[in-house]
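These notes concern the structure reproduced below.
Residue numbering restarts at 1 for every chain, and letters A, B, ... go by the order of the sequence lines. Quick caveat, the model's predicted, so the values are computed rather than measured. Keep in mind that the numbers below use all heavy atoms, side chains included, and drop hydrogens, waters and symmetry copies.
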Protein chains: 2
Amino acid sequence: MTRQSASASRELEHPARDAIRLESVLHALSDPVRLSVVRRLADGPPEQVCSSFDLPVSKSTCTHHFRVLRESGVINQVYRGTAKMNALRDADLEALFPGLLAAVLAAARAQDGRGAG
Amino acid sequence: MTRQSASASRELEHPARDAIRLESVLHALSDPVRLSVVRRLADGPPEQVCSSFDLPVSKSTCTHHFRVLRESGVINQVYRGTAKMNALRDADLEALFPGLLAAVLAAARAQDGRGAG
DNA sequence: ACCGTAGTACGACGCATGTCAAACTACGAG
DNA sequence: CTCGTAGTTTGACATGCGTCGTACTACGGT
């Protein structure tokens, strides 16, 4: 069936660790939808499928946001069958920007506390 | 000379501490020009005049960026005669988002180090 | 072979953003 | 009072961003 290596044609572009830019990461995290994705990735299992997030946006917008997160270096995406697994690149982020992700996540939680409290 | 309290008419709107939103702060910091402003504010004297920054943009763009920083709660601006003093709201930010500003500043320095070799 | 589910691609739309130049206001110095 | 310096305002412009719907592709199950 001319099926060459099953997933070679479905590999996604990720920036190398050293190509990750702080400005892009901050921009990626500055959108509420994307921040919520990152929070769930941080709080839940390390690998989660796109469709498990049920975001308040359409499928295409969803694809868009996941791409922004991937291209900025915040998450890693791999195909697993028909699904797409998402994982935080926390090791890379921690190596580049120590404490940054943790501080953002803590800040988000703190803000939730104020807002809902 | 009908000069009522000298600066009452020149007071600037700042968000209250509790009104500062994480998303807005991250967005404010995600612009290179604004990040450089924040870095100079953090590295240099606590109060600095707009014109001392000599940013690679026009005066009006400069005004725009300082306003974004102020309205997002990152900096405090007060008039001092004909000049306008800018100060980081580090106490407010630290109270709301502990470690966030420090992490971002450290990340910016680290990135500079990598970029400049 | 077929269908359903997961996600992508494309084109569109409206609104925000970063940018500028030019005209304007506010203050201090002389 | 006049002038220069500091910053604002306004209007314009190009681009980018978040959003959508629709049509499409990719894979797994039956």
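In this structure A/Asn76 satisfies the side-chain hydrogen bond (donor to acceptor under 3.5 Å, both in side chains) test with no other residue, sequence neighbours excluded. When the side-chain hydrogen bond (donor to acceptor under 3.5 Å, both in side chains) test is applied to A/His14, no partner is found at least two apart in sequence or on another chain.
Distance A/Arg70 CZ to C/dG7 P: 13 Å, rounded to the nearest Å. Note: CD (A/Glu23) to P (C/dT17) measures 18 Å, nearest angstrom. Rounded to an integer number of Å, the gap from A/Asp54 CG to C/dG7 P is 12 Å. One interatomic measurement links the two molecules: CG of A/Leu69 to P of D/dC17, which rounds to 13 Å at whole-angstrom precision. For B/Ile75 and D/dG7, the CD1 to C1' distance is 13 Å, given to the nearest whole Å. Regarding B/Phe66, its CZ atom lies at a distance of 14 Å from the P atom of C/dG18, rounded to whole Å. Between B/Glu71 atom CD and C/dG18 atom P the separation is 12 Å, expressed in whole Å. Look at OH on B/Tyr79: it is 14 Å from C1' on D/dT5, rounded to the nearest Å.
Between A/Val37 and the choices A/Leu55, A/Asn86, A/Val68, the side chain to side chain contact (heavy atoms under 4.5 Å, CB included) rule is met once, by A/Leu55.
Note on residues 19-31 of chain B: pairs passing side chain to side chain donor-acceptor pair (under 3.5 Å), not counting sequence neighbours, are A/Gln111-B/Glu23. Each salt bridge (charged side-chain N to carboxylate O under 4.0 Å, His left out) pair with one or both residues in residues 63-79 of chain B, not counting sequence neighbours, would appear here, but there are none.
The two residues B/Arg34 and B/Leu69 come nearest to each other via the heavy atoms CD-CG, 3.9 Å. Closest of all the heavy-atom pairs between B/Gly73 and B/Ile20 is O-CD1, 3.7 Å. For the residue pair B/Leu41 and B/Gln48, the shortest heavy atom distance occurs at CA-NE2, 3.7 Å.
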Protein-to-nucleotide contact annotation, 5' to 3' order, nucleotides 18-24 of chain D [B base; S sugar-phosphate only; - none; under 4.0 Å, heavy atom] | SBBB---

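For the segment residues 37-47 of chain A, the set of residues with a heavy atom within less than 4.0 Å of an atom of DNA chain C is empty.
Within the nucleic acid shown, A/Thr63 comes within 4.0 Å of at least one base atom, counting heavy atoms only.
When distances run from any side-chain atom of B/Ala83 to the nucleotides C/dT5, C/dC27, D/dG7, the shortest one goes to D/dG7.
Looking at heavy atoms from C-beta onward, B/Leu96 lies out of side-chain contact with B/Val25 at the 4.5 angstrom threshold.
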